[in-house]
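Letters go in sequence order (proteins before strands), and every chain restarts at 1.
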Number of protein chains: 2
Amino acid sequence: MTKNSYHHGDLADALLIAAEDELIEKGVEGISLRSVAKRAGVSHGAPAHHFGNARGLLTALAGKGYERLRAMQSREEAAAASEPRAKLIANGLGYIKFAMENRELFRLMFNSSVPDRHNEAFAAVSYAVFDKLISQTEAHTGHSPLRHEASMTELMASWSIVHGLAELIVSGRAELPLSLKDKSPETRDALIKAIIGQVNLSVDRS
Amino acid sequence: MTKNSYHHGDLADALLIAAEDELIEKGVEGISLRSVAKRAGVSHGAPAHHFGNARGLLTALAGKGYERLRAMQSREEAAAASEPRAKLIANGLGYIKFAMENRELFRLMFNSSVPDRHNEAFAAVSYAVFDKLISQTEAHTGHSPLRHEASMTELMASWSIVHGLAELIVSGRAELPLSLKDKSPETRDALIKAIIGQVNLSVDRS
DNA sequence: CACACGATCTTGACAATGACTAGATCGTTG
DNA sequence: CAACGATCTAGTCATTGTCAAGATCGTGTG
């Protein structure tokens with residue numbers, strides 16, 4: 001924990017924080033390993049020891065993003081009504097809110113081939129987000145999507161509309177049609193719910 | 001048109017073709033301007049004269065992608081039934097087919113910040129795709145989305161679910177849930193239609 | 001307490017890349 | 001046929017990611 005000397009003490013975390021700051025400032029295509037190291041106050045070769053290479057660092061950062069994505073979803077769910085469909089909508093709203101509040105991180109996670117999906121830790125946290133969707137869909141349809149094709153179709157419809165809207169907002173393509181920037185958080189959330197609510201209208205059709 | 005000499009004669013097109021080949025092989029993050037030039041058989045400085053910089057070249061390529069995307073949608077529409085909803089679904093199917101058959105190009109167009117949206121030609125061809133969606137939604141709802149909020153909500157729901165599913169397929173995230181690779185083109189298309197068909201169920205609710 | 005050892009970080013090197021510049025080459029137009 | 005502009009080449013520079021060798025630090029072991 002000695003902060004002044006040769007050894008940083010907590011460089012791995014410091015690098016992740018610096019990397020996210022750089023990511024926010026310069027975007028996915030503008031970030032560089034050397035500038036991240038400089039921002040963290042270490043030499044350009046230091047990150048290699050902790051993360052192997054640039055991809056390793058960004059995979060770790062993307063993994064942290066998945067954890068925060070899941071936390072955001074849990075927060076929205078807790079604030080929602082208890083019916084399965086309301087939970088499902090809340091889950092989607094959390095997904096989209098995370099995207100809006102973490103544009104570049106979201107782009108790193110979903111719009112790039114940078115994160116290494118074969119990385120164990122990364123695979124685990126990203127699957128956890130998917131797993132939440134599975135159980136919520138099961139609560140809604142009454143069947144496990146993994147064993148019931150119609151239920152999986154519903155799951156994919158939910159995921160697609162939520163992910164798609166998140167992408168369109170993050171990329172700026174939704175601004176012309178929706179003017180989200182001019183709207184209050186409340187009307188904005190209501191509009192998002194209205195859009196993603198156009199799916200998952202059926203219940204337990206077995 | 002003299003092909004053997006100092007002047008290529010048709011270098012701009014040749015570079016675009018070489019760029020797409022490179023894109024397919026190495027992906028959005030792996031493509032390099034110099035390797036594109038080498039593939040086209042010219043020096044590394046040649047592309048600058050035609051496209052300014054790397055971004056200019058890739059913006060032009062992405063623009064061509066939008067034209068092909070629109071062509072693919074028109075083809076699917078022509079093969080579909082005449083009801084507005086069938087046309088809308090066909091439009092979406094074309095969008096997703098384009099994505100599946102042109103993964104890296106789709107990623108360049110939608111998953112990167114590389115194309116310059118302020119480029120006039122690019123803005124025109126990309127808006128044309130959006131414009132088609134507008135008129136089809138109007139045919140479906142009976143109102144112009146640009147002047148009717150509920151209609152715009154429907155439009156965004158359509159676009160979101162289609163774009164989202166395309167993203168999930170292209171990124172490989174849909175493979176575990178759907179196993180598209182194991183399916184015949186017919187059952188694959190049917191499955192896609194079933195998913196994106198979970199939206200736009202209403203008609204003219206004014 | 002000393003010291004060896006591994007973990008951590010620095011430094012320097014290298015190849016690849018995008019951008020820029022000056023100059024060579026070509027076709028065209030007057 | 002002689003400018004002239006368009007096209008392409010070749011060289012240079014700064015930046016980047018990766019690697020290897022070495023310096024520094026903390027810790028456990030004798």
So, Lys38(A) versus Ser43(A): side-chain donor-acceptor pair below 3.5 Å or not? no

From [atom1] of [X] over to [atom2] of [N], roughly how many Å is that when rounded to an integer?
X	N	atom1	atom2	answer
Glu29(A)	dG18(C)	CD	P	14 Å
Leu57(B)	dC8(D)	CG	P	14 Å
Phe51(B)	dA19(C)	CZ	P	14 Å
Asn53(B)	dT21(C)	CG	P	14 Å
Lys38(B)	dT17(C)	NZ	C1'	12 Å
Leu33(B)	dC8(D)	CG	P	14 Å

Full working for side chain to side chain contact (heavy atoms under 4.5 Å, CB included) between Arg68(B) and Gln73(B): CA-CA 9 Å; Arg68(B) 279 158 50 190; Gln73(B) 291 183 301; over 6 Å; no

Checking contacts here: which listed nucleotide (dG18(C), dC8(D), dT8(C)) is nearest the side-chain heavy atoms of His50(A)? dT8(C)

Contact between Leu88(B) and Leu133(B) at the side-chain level, heavy atoms closer than 4.5 Å - yes or no? yes

Please tell me if His49(A) has a side-chain N or O lying less than 4.0 Å from either OP1 or OP2 of dC9(C). no

Assign Ala54(B) to base, sugar-phosphate, or nothing according to its heavy-atom contacts below 4.0 angstrom with the strands shown. sugar-phosphate

Check against side chain to side chain contact (heavy atoms under 4.5 Å, CB included), Ser35(B) and Lys26(B): CA-CA 10 Å; Ser35(B) 60; Lys26(B) 312 204 184 154; 3.8 Å; yes

Side chain to side chain contact (heavy atoms under 4.5 Å, CB included) assessment of Glu25(B) paired with Arg39(B): CA-CA 12 Å; Glu25(B) 280 184 19; Arg39(B) 186 184 282 260; 3.0 Å; yes

Quick check, are the ring centers of Phe122(B) and Tyr127(B) under 6.0 angstrom apart? no

Restricting both atoms to N or O, compile the protein contacts to nucleotides 12-16 of chain C shorter than 3.5 Å, with distance only.
| residue | atom | partner | partner atom | Å |
| --- | --- | --- | --- | --- |
| dG12(C) | O6 | His44(A) | NE2 | 2.8 |

